[in-house]
*Asks:* 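My questions all concern the structure below.
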Amino acid sequence: MRFIHSVIHTVSHGVLEDGYLEIENGCIKEVGEAGSIRTDSCDIDLEFRHITPGFIDAHTSLGLKEDSMRYEGNDWNETGMPVAPMLRAVDGFNPADRAVEYALSGGVTAVGVSPGNANVIGGQIAAVRLSRSNREQMIINPYAAMKFSIGEAPKRKNASPVTRMAIGAMIRDALERAHHDEKLCDLLPVISGDKPAFIHAEREDDIVWAIQLGKRYGMNVVIVNGSDSAIVAGELRKYSVPVILGSLLLTASDYEARNMDLSIPRALALSGVEFALTTDHHMSPVQMLSVEAALSAGEGLDRAAALASITIVPAVLLGIDSIAGSIDVGKEADFVIWSGDPFSFESVPERVFVLGKEEYRHS
């Protein structure tokens, strides 16, 4: 199947103003300038509609905290187990969650499915592709990262800990006992640097504490949410610690999150800090990921950086950049055909493809 005469946002090598995209066996076979090819009657002329890679939200509870569900679909926080690295998001993931459809309607084709913020160590984050037609292929990696949470969230949700001191002691104890305790052995890939530590942290002192924790134990730390990340951008840049920022669409639900603002993406970019945007679904709707990027661009963030923050950067953080996050030959054919500029409020995803198969069509 070949699409011609499209504005293709490749992410990896700029924008093709009159491009073509050919897919075969679920992968991208060719991409280039439409003027360089001989057209065929089987070609699909997009009449200069836009193509982007499928968007990626690296931190959601999609399929764990299910849409419209009460306790029946609430599987994202295992309260009472503050240290639980053995928990796996895939064990609670429901592929029939209505949010899968919502995500596709916003051009989102892959997500990180994460335990919530209630536990000090919440468990294993899964990388998931949103392929409704083939549920067996939805799980890309059942253990893409390990979820940690510091600050107010784990203090509020458990009988213990009740202070930051206890949170710090619990995390250090778990990391130091991981080599000898079978219940903690799932932390070993984090300590070795093979799996990143996604650490929920909002306040500036918590973010710096997480950075220092990573330095002490040799962990690859990624800050999640990061309301005060712009304030400590120098520390983040110094130690090459990226941020999964958001949700930018929420009003502050607590004192820690009071500095979350649409100006932060531009500030991080100017400081040289790598970041991805997140809706933090279910906190805000996953289909609004492109809206966060568009609003950030409206606040001065470079458009290419805005697009990267919802494509290639989250792909790298989830360890799936070899197959997703850009329009490149050999990658999986996960892409979106837009009616117009993908950052325009007037544009809609007309067709969304995952593994080369149409998974969503705008009615």
Side-chain angles (χ1 to χ4, degrees), residues 56-104 108-149 153-154 157-159 170-171 174-175 177-178 181-192 194-200 219 222 224 244 278-283 286 314 317-320 323-324 354:
I56 301 170
D57 192 329
H59 186 264
T60 76
S61 59
L62 189 148
L64 283 183
K65 181 67 170 67
E66 298 169 43
D67 179 73
S68 302
M69 300 291 279
R70 301 170 301 172
Y71 62 87
E72 307 95 332
N74 187 350
D75 291 302
W76 68 316
N77 279 315
E78 186 56 49
T79 55
M81 293 179 67
V83 176
M86 74 294 291
L87 299 183
R88 307 194 316 161
V90 290
D91 291 336
F93 174 69
N94 183 1
D97 185 357
R98 291 199 312 180
V100 173
E101 171 78 10
Y102 300 152
L104 290 167
V108 178
T109 58
V111 295
V113 177
S114 174
N117 300 328
N119 296 342
V120 175
I121 302 178
Q124 299 162 37
I125 298 168
V128 175
R129 69 167 60 86
L130 303 181
S131 176
R132 294 181 303 166
S133 61
N134 192 339
R135 291 184 179 179
E136 292 182 357
Q137 293 184 305
M138 290 184 78
I139 306 303
I140 304 171
N141 185 351
Y143 185 178
M146 180 65 70
K147 179 64 179 291
F148 293 71
S149 184
K157 302 297 196 316
N158 295 280
M170 285 174 145
I171 291 176
L175 293 172
R177 289 195 294 117
D181 189 333
E182 186 176 331
K183 292 182 179 180
L184 300 172
C185 66
D186 290 302
L187 288 170
L188 294 178
V190 180
I191 297 169
S192 68
D194 292 334
K195 303 290 184 182
F198 281 21
I199 303 182
H200 168 86
M219 302 190 305
V222 178
V224 176
I244 300 175
T278 180
T279 61
D280 205 25
H281 179 90
H282 72 286
M283 301 304 294
V286 64
L317 298 180
L318 288 174
I320 61 173
I323 61 172
V354 181

*Asks:* Determine, stepwise, if the pair Tyr102 / Asp97 fulfils side chain to side chain contact (heavy atoms under 4.5 Å, CB included).
*Replies:* CA-CA 9 Å; Tyr102 300 152; Asp97 185 357; over 6 Å; no
*Asks:* Under a 4.5 Å cut-off applied to non-hydrogen side-chain atoms, are Asp194 and Tyr143 in contact?
*Replies:* no
*Asks:* Whether the side chain of Arg129 engages the backbone of Gln137 through a donor-acceptor N/O pair (distance < 3.5 Å, no angle test) should be reported.
*Replies:* yes
*Asks:* Taking all non-hydrogen atoms of both residues into account, name the closest pair between Val90 and Ala126 and its distance.
*Replies:*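 For Val90 versus Ala126, the nearest heavy atoms are CG1-CB, 3.5 Å.
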*Asks:* Just verifying a value: how many Å separate Ile171 CD1 and Ile199 CD1, rounded to the nearest 0.5 Å?
*Replies:*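 Those atoms lie 6.5 Å apart.
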*Asks:* Could you walk me through whether Met283 and Lys65 pass the side chain to side chain contact (heavy atoms under 4.5 Å, CB included) test, one step at a time?
*Replies:* CA-CA 10 Å; Met283 301 304 294; Lys65 181 67 170 67; over 6 Å; no
*Asks:* Sub-3.5 Å donor-acceptor pair from the side chain of Lys147 to the main-chain atoms of Ile125, do we have one?
*Replies:* no
*Asks:* Would you find a donor on one side and an acceptor on the other, under 3.5 Å apart, between the side chain of Ser149 and the backbone of Val120?
*Replies:* no
*Asks:* For Asp57 and Thr279, indicate whether the former's side chain and the latter's backbone hold a donor-acceptor pair under 3.5 Å.
*Replies:* yes
*Asks:* Report the C-alpha separation of Arg177 and Leu187 in whole Å, then their side-chain angles, then the decisive distance to 0.1 Å, and conclude whether the side chain to side chain contact (heavy atoms under 4.5 Å, CB included) test is met.
*Replies:* CA-CA 9 Å; Arg177 289 195 294 117; Leu187 288 170; over 6 Å; no
*Asks:* Tell me the closest heavy-atom pair linking Ala174 and Ile121, and the distance in Å.
*Replies:* CB-CD1, 3.8 Å
*Asks:* What I'd like to find out is whether the side chain of Gln124 reaches to under 4.5 Å of the side chain of Met146, using heavy atoms alone.
*Replies:*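 The answer is yes, as the side chains (C-beta and beyond) meet within the 4.5 Å cut-off.
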*Asks:* Check whether any side-chain heavy atom of Met219 lies under 4.5 Å from a side-chain heavy atom of Leu175, and answer yes or no.
*Replies:* yes
*Asks:* Would you check if Pro85 and Leu184 make a side-chain contact, meaning some heavy-atom pair closer than 4.5 Å?
*Replies:*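 SC-SC contact between Pro85 and Leu184 confirmed.
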*Asks:* Between Ala58 and Pro314, what is the shortest heavy-atom contact and its length?
*Replies:*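 Smallest heavy-atom distance, with atoms named: CB-CB, 3.9 Å.
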*Asks:* Mind listing the closest non-hydrogen atom pair of Phe93 and Ile139 along with its distance?
*Replies:* CD2-CD1, 4.2 Å
*Asks:* As a test of understanding, state which of Val111, Val108, Ile320 forms a side-chain contact (heavy atoms from CB on, under 4.5 Å) with Ile56.
*Replies:*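 Filter result, single survivor: Ile320.
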*Asks:* Tell me the closest heavy-atom pair linking Pro115 and Leu64, and the distance in Å.
*Replies:*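 Scanning both residues completely, I find the closest heavy atoms to be N-CD1, 4.1 Å.
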*Asks:* Let me confirm one number: the CG-CG distance from Asn94 to Leu62, rounded to the nearest 0.5 Å.
*Replies:* 9.5 Å
*Asks:* Drop me the distance from Asn119's CG to Thr79's OG1, to the nearest 0.5 angstrom.
*Replies:*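 Asn119 CG to Thr79 OG1: 7.5 Å, rounded to 0.5 Å.
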*Asks:* What heavy-atom pair brings Leu130 and Ala103 nearest, and what distance separates the two atoms?
*Replies:*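 Answer, listing the atom of Leu130 first, then Ala103: CD1-CB, 3.4 Å.
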*Asks:* Under the criterion side-chain contact (heavy atoms from CB on, under 4.5 Å), which of Val128, Ile323, Leu318 is the partner of Ile140?
*Replies:*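 When Val128, Ile323, Leu318 are each tested with Ile140, the side-chain contact (heavy atoms from CB on, under 4.5 Å) holds only for Ile323.
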*Asks:* Without swapping roles, check the side chain of Asn117 against the backbone of Ala153 for a donor-acceptor pair under 3.5 Å.
*Replies:* no
*Asks:* For residues Asn141 and Lys195, determine if any side-chain heavy atom of one lies less than 4.5 Å from a side-chain heavy atom of the other.
*Replies:* yes
*Asks:* Using only atom types and a distance under 3.5 Å, with no angle test, would you say the side chain of Asp181 pairs donor to acceptor with the backbone of Lys183?
*Replies:* yes
*Asks:* For Asp280, does its backbone N or O pair with a side-chain atom of Thr60 as donor and acceptor, under 3.5 Å?
*Replies:* no
*Asks:* Nearest 0.5 Å please: distance from the CD atom of Glu66 over to the NE2 atom of His282.
*Replies:*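 Separation between the atoms: 11.5 Å.
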